[in-house]
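Naming: A, B, ... by sequence-line order, numbering from 1 per chain.
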Amino acid sequence: MPELPEVQLVVDDLKTIEGYTIESISLSDRIKLSHRQGKMAVVKHENLQQFEQSLIGQKINTIERRGKYIVMQLTNPINDKVVIAHLGMSGRFEINTNRVSSIPHTHTTFELNYETKTVYLHYIDPRRFGELRVLDHINEFKPFQQMAPEPFGIEGEAYFIDRFKQFKLNRSTISIKQFIMDAENVVGCGNIYANEALFICRIHPLRKVHVLTERKMRELYKEIVKLFIKSIERGGSSIHSYVHMDGEIGSMQDEFLIYQKKLCPICQKKVTSRRINQRNSFYCTNCQK
DNA sequence: CGATCAACCTGGTTGC
DNA sequence: TGCAACCAGGTTGATC
Ligand SMILES: [Zn+2]
């Protein structure tokens, strides 16, 4: 499910539980088994009991997005905490009044109270690539330390261009696709939006970053942000799982120009599909240089 | 440094 | 039709 727009939509839905207090937590047998085997699926904490104990009694203060991560600031009179969640490839949340989820692969259920209301927050993740962590402070989380600014703020573009200049100076030979999928350059750009943005800007995904111009890089950055906004407006891309917690799906997948396409929408020639850095890339060798 | 692969997983789609 | 092979919005760490 998850590139920046999809994560943003999840966060928007999760905001309904801001102000709720965590009463109890239950974990799936799958998670418990995984931990017994020393694999730590989904719950990235050495000790499951500690994980639960550190959350019970905490009030959910705010829920925000940072890159593709979901950040929940928790507060209680003794020690505040922060939950950092990532949806991996197939993770999603659902909020309802069912104490026990009927959905397969529900791995974590939080019982939440607000005054007289009780709701349940379920985390569902068939592939279990997602992550739930509890930390004392957000600064402890390594991936945030080197992460580029948020793309909807004003610093994003300047940061992106600074990074580009550094790579150029260092004679870096990495490809442009690799560059834009690196959260240290721009956050939230996954495989789909990387393919789409490069096609729209007519840049070949294997083009070396150092041969591109600053002008072209600014254009590319703006296109990525534009795609993010367009996607959020359309409710995100829904391919393998739902985006919205009410089961509604997005329609951004109908707007794809190159991702998983057979023919180029510009010249009608056959689209090339090739694995680059473990991800499938779609591009037109005629239109993208 | 950078590209590639493996690991972590299940389920839907494709192709023989 | 049946079933195996292949593929999927991600991230990290090892290897070459
Ligand atoms: Zn073309």
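Residue A/R274 contributes atom CZ, which lies 19 Å from atom C1' of C/dC6 at whole-angstrom precision. At whole-Å resolution of the value, CD1 in A/I276 and P in C/dA8 are 13 Å apart. Atom NE2 of A/H86 and atom C1' of C/dT11 are 7 Å apart (whole Å). Straight-line distance from the CE atom of A/M181 to the P atom of C/dT12: 13 Å, rounded to whole Å. Spacing between atom CG of A/L206 and atom P of B/dA3 amounts to 9 Å, rounded to whole angstrom units. Atom-to-atom, CZ of A/R275 to C1' of C/dC7 comes out at 8 Å; the value is rounded to the nearest Å.
Taking 4.5 Å as the limit, every side-chain heavy atom of A/E233 sits out of range of all side-chain heavy atoms of A/P5. Using a 4.5 Å heavy-atom cutoff, the side chains of A/E248 and A/L9 are not in contact. Proximity of A/Q73 to A/E64: side-chain heavy atoms (C-beta onward) are nowhere separated by under 4.5 Å. When side chains are defined from C-beta on, A/S172 does not count as touching A/H210, because their heavy atoms never get closer than 4.5 Å. Using a 4.5 Å heavy-atom threshold, the side chains of A/F199 and A/I266 count as touching. Contact annotation: the side chain of A/I60 never approaches that of A/L14 to less than 4.5 Å [non-hydrogen atoms, C-beta and beyond]. A/N277 is not listed as a side-chain neighbour of A/K177, based on a closest heavy-atom distance of 4.5 Å or more. Side-chain contact between A/F152 and A/I229 is present, with heavy atoms from C-beta onward closer than 4.5 Å.
As judged by a 4.0 angstrom heavy-atom cut-off over every strand, A/S175 is placed among residues touching the sugar-phosphate backbone only. Looking at heavy-atom distances under 4.0 Å, A/N280 makes contact with sugar-phosphate atoms alone, never a base.
Note: A/F110 and A/Y20 fail the aromatic proximity criterion, with ring centroids not under 6.0 Å apart.
When base pairs are accepted only as Watson-Crick or G-U wobble with both N-N or N-O distances under 3.5 Å, DNA chain B takes part in stems of 3 or more pairs at B:2-8 with C:10-16, B:10-16 with C:2-8.
Judged as a side-chain hydrogen bond (donor to acceptor under 3.5 Å, both in side chains), not a single pair has a partner in residues 43-60 of chain A (not counting sequence neighbours). Identified under the side-chain hydrogen bond (donor to acceptor under 3.5 Å, both in side chains) test for residues 28-43 of chain A, with sequence neighbours left out: A/S28-A/H107.
Residues of residues 185-196 of chain A that place a heavy atom closer than 4.0 Å to DNA chain C, in numerical order, are A/G190, A/N191, A/I192. A heavy-atom distance below 4.0 Å to DNA chain B is reached by none of the residues of residues 132-150 of chain A.
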**OP:** Between protein and nucleotides 5-16 of chain B, map the contacts as a letter string: B base, S sugar-phosphate only, - none, heavy atoms under 4.0 Å, written 5' to 3'.
**Re:** B--BBBS-----
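Remark: the backbone N or O of A/V209 is not paired with any side-chain donor or acceptor of A/R207 at under 3.5 angstrom. Put simply, the side chain of A/H122 gets close to the backbone of A/N98: a donor and an acceptor are under 3.5 Å apart.
Relative orientation of the A/Y221 and A/F160 rings is tilted, given thresholds of 30° and 60° on the angle between their planes.
Residue A/K68 places its side chain closer to C/dT11 than to any other of C/dA8, B/dG2, C/dT11.
For B/dC9 and C/dA4, the P atoms lie 22 Å apart once the distance is rounded to whole Å. For the P atoms, the distance from C/dC6 to B/dC5 is 14 Å, rounded to whole Å.
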